[in-house]
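Reviewing the structure listed below.
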Amino acid sequence: MKHPLLNELRRHSPELLALLMTAGALLLPAEEGVLHIILCVAAYIVLAFMIISRAESGWATRIDVVRSTLVVIASIGAFFARQPAAAVTMIFFYWLCIRIGRHLVDKVKRTLDASREMCPDELTTEEEDGTTHPLAADHIHTGDTVIGVRERPLSINGILITPSKASFDFHKLTGEHKPVEIKEGEYVPAGAIPFDDEVRVKVTKEWNENSIADISHFVSEAASNLSPSRLWINRISTFFSYFFFVGALLAFFLPPLLAIHSGLSPDWIVWARRALIVFVCAGTAAPVISLQIAHLRTIRNARQMGIIFHDTTAIETLLICDTIFFDKTGTLTSGILEVIKIAPTRGHVKEEVVGLAALATDSSHPLGRALTRYSTIRLPQIFVTDKTVTPKGILCKTNKGDILAGMRSFLNDNGIDISRLAPADDTEICIALNNEFFGQIFFADILKTNSASAIARLRRLGIRCIGILSDDNERSVARISKLAGADYHKSTMLPDDKARLIKKILSTGRKVAFVSDGITSPQANEAATIAIGLGTARFDLQEIMSDISILSHNPDRLADTLQLARRLRLTIRLSLFLGILGKLAISVLGLFGFISLLGATCANFLIILLMLLSNYLVSNKVSGS
């Protein structure tokens, strides 16, 4: 077995040979004549072969091939202009830029999403007879029971079986080390880490379809897609390549022809060298490579903060939005409703009202969970035979008759008069059985502690209007809007109403981002310029209907997302500014004879290196709040 160092040397032998031959060509004095030229030609051939082999490997794009051709033309021209050292330096630096760019791109790609690798490949399963045994994660199937242990991530999606309540660390998903409480029967995503000594989870998805796999898929898709900026930069850089190419031709032909016209003797060699300086600036793909690095780092940084861009278009679409509408429950508020008051009608008691409501509502709905936390009342001898869910309420058929649970308008639509009731201060549901009104249950939603600061941050980042849309009553929504510091609110809105309002705002020329849980308002998500799901870790990500998924419940992450997008835009502009200004400066200095062809080649390389490194460093992680 060969020594690892020898293996590395053999693997990189072409690069080492190119480096040694280039160094020899530059260090050997030009006075050596034929020997100097032979060494330069040999180094040039080795470098050209490595560039061609790279193109054949599939890494290069069509635009890269065009720019490679320009570099080859410029370097061959340098030989004819009696500058062999400059020709070798030119193609060497082009090859080196390709290597550095590819290395930086590959380095970011390797760290795009390492969460899947950090999840265990083996879990403990429990059979129906109570026996347990370890099993590879890819051999665990839907319906199996998995035992999770403290500080060991789960590799599957499932439903919590035991205990009745458990705490999990979601930092692999959200980037935040905050305990998340999950109750029996609620969803547990892959990547969740139990704080309890032992939890049992019933598997609901195959291993290769779990939350971590979904995140990896979305991140890979976003990294591979071309954003509008990348396409735009491609066009801009291609335009400037042709601009410098035409400038080089004019610099070569125009001054000598003017000299001939004036009766002077033209110095073709001098103007060939100056034209080549301009030509050198035409053949670089640095803006494209540096932009790719910036995009990949933005996607990677976002992933570490629990922000998933479903494609890179979403990053830039967010930047053009000047209005943000929040779906109140679960975004700005905790989404954890509490029963604060029960108002039965005369002849009925609280237990009856709560029991009927509990039968009608789904235990996974926020209202259903609030009722479960309030009481476990179940009316005897009543069982449900069918349920019909509408935007306004639920019609529940039982062996004792029909239960109606929902908005006042829902009961009114079904012939029950409740118009004399006083206005509600908070969220309410009205309950009726067999067309008899039984009473009301009032709920209150609590504003998240950092919702007001998140809205303030968004306003500082340039968002003109921030509104709240909700199906709750006016007083409840107005209270939350005032506490959060929103500019605008609308209450008692059905999903279609939200979509119509968003379309109306869009018709005025404004761009709207709609923030919800990514599930409950599909019409509004589709109507908005961009849809953002907040707190989506508690759902199956394949069901999320949004362009950006923020896995955390923290509304500050929305401002972090906008800040990441702005950092990317800054990086793009800085890259273009450095590249274009630097190359124009080199061209002007070269045309007036203030810099040699070799000096221009070195200066061009330094500019490219600065562009690559600035994009790598400027697009650093924006620390979350």
Side-chain angles (χ1 to χ4, degrees), residues 22 25-26 28-45 47-48 51 63 65-95 97 236-287 578-608:
T22 303
L26 295 177
L28 189 68
E31 290 78 11
E32 293 294 331
V34 176
L35 181 60
H36 175 74
I37 293 174
I38 291 173
L39 191 57
C40 287
V41 170
Y44 183 91
I45 292 172
L47 290 165
I51 292 173
I63 296 173
V65 173
V66 171
R67 294 192 179 94
S68 299
T69 303
L70 292 175
V71 171
V72 169
I73 293 172
S75 57
I76 291 174
F79 275 111
F80 283 102
R82 303 172 188 172
Q83 296 282 307
V88 174
T89 305
M90 200 180 300
I91 198 166
F92 173 74
F93 281 153
Y94 179 73
W95 167 79
C97 285
I236 291 292
S237 57
T238 302
F239 167 78
F240 273 97
S241 292
Y242 289 126
F243 171 81
F244 286 112
F245 175 73
V246 173
L249 292 178
L250 291 175
F252 178 68
F253 287 107
L254 196 57
L257 291 176
L258 288 175
I260 293 172
H261 180 73
S262 302
L264 301 175
S265 177
D267 194 338
W268 290 99
I269 294 296
V270 169
W271 285 107
R273 291 174 180 175
R274 294 184 182 184
L276 283 171
I277 291 174
V278 180
F279 209 112
V280 164
C281 299
T284 174
L578 284 173
I580 294 172
L581 186 65
K583 290 174 180 295
L584 285 173
I586 292 173
S587 299
V588 171
L589 290 173
L591 286 174
F592 285 94
F594 293 111
I595 189 172
S596 67
L597 179 56
L598 182 59
T601 303
C602 295
N604 185 57
F605 168 72
L606 290 176
I607 289 173
I608 296 169

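- Note: Leu276 CG to Leu597 CG = 5.5 Å, rounded to the nearest 0.5 Å.
- When all heavy atoms of Ala251 and Pro255 are compared, the closest pair comes out as O-CD, 3.2 Å.
- Side-chain contact check for Arg273 versus Ile269: some heavy-atom pair is nearer than 4.5 Å.
- Using a 4.5 Å heavy-atom threshold, the side chains of Leu257 and Trp271 count as separate.
- Counting only residues at least two apart or on different chains, the ring pair (Phe, Tyr, Trp, His ring centres under 6.0 Å) pairs with a member in residues 580-605 are Phe93-Phe605.
- In this structure, CG on Leu606 lies 11.0 Å from OG1 on Thr601, to the nearest 0.5 angstrom.
- Under the 30°/60° scheme for interplanar angles, the aromatic rings of Trp268 and Phe252 are found to be tilted.
- Shown here for Ile277 and Ala600, the closest heavy-atom pair between the two residues is CG2-CB, 3.5 Å.
- Minimum heavy-atom separation, Ala248 to Val278: N-CG1, 3.7 Å.
- Heavy atoms only, all atoms of each residue included: Leu591 and Arg274 are closest at O-NH1, 3.2 Å.
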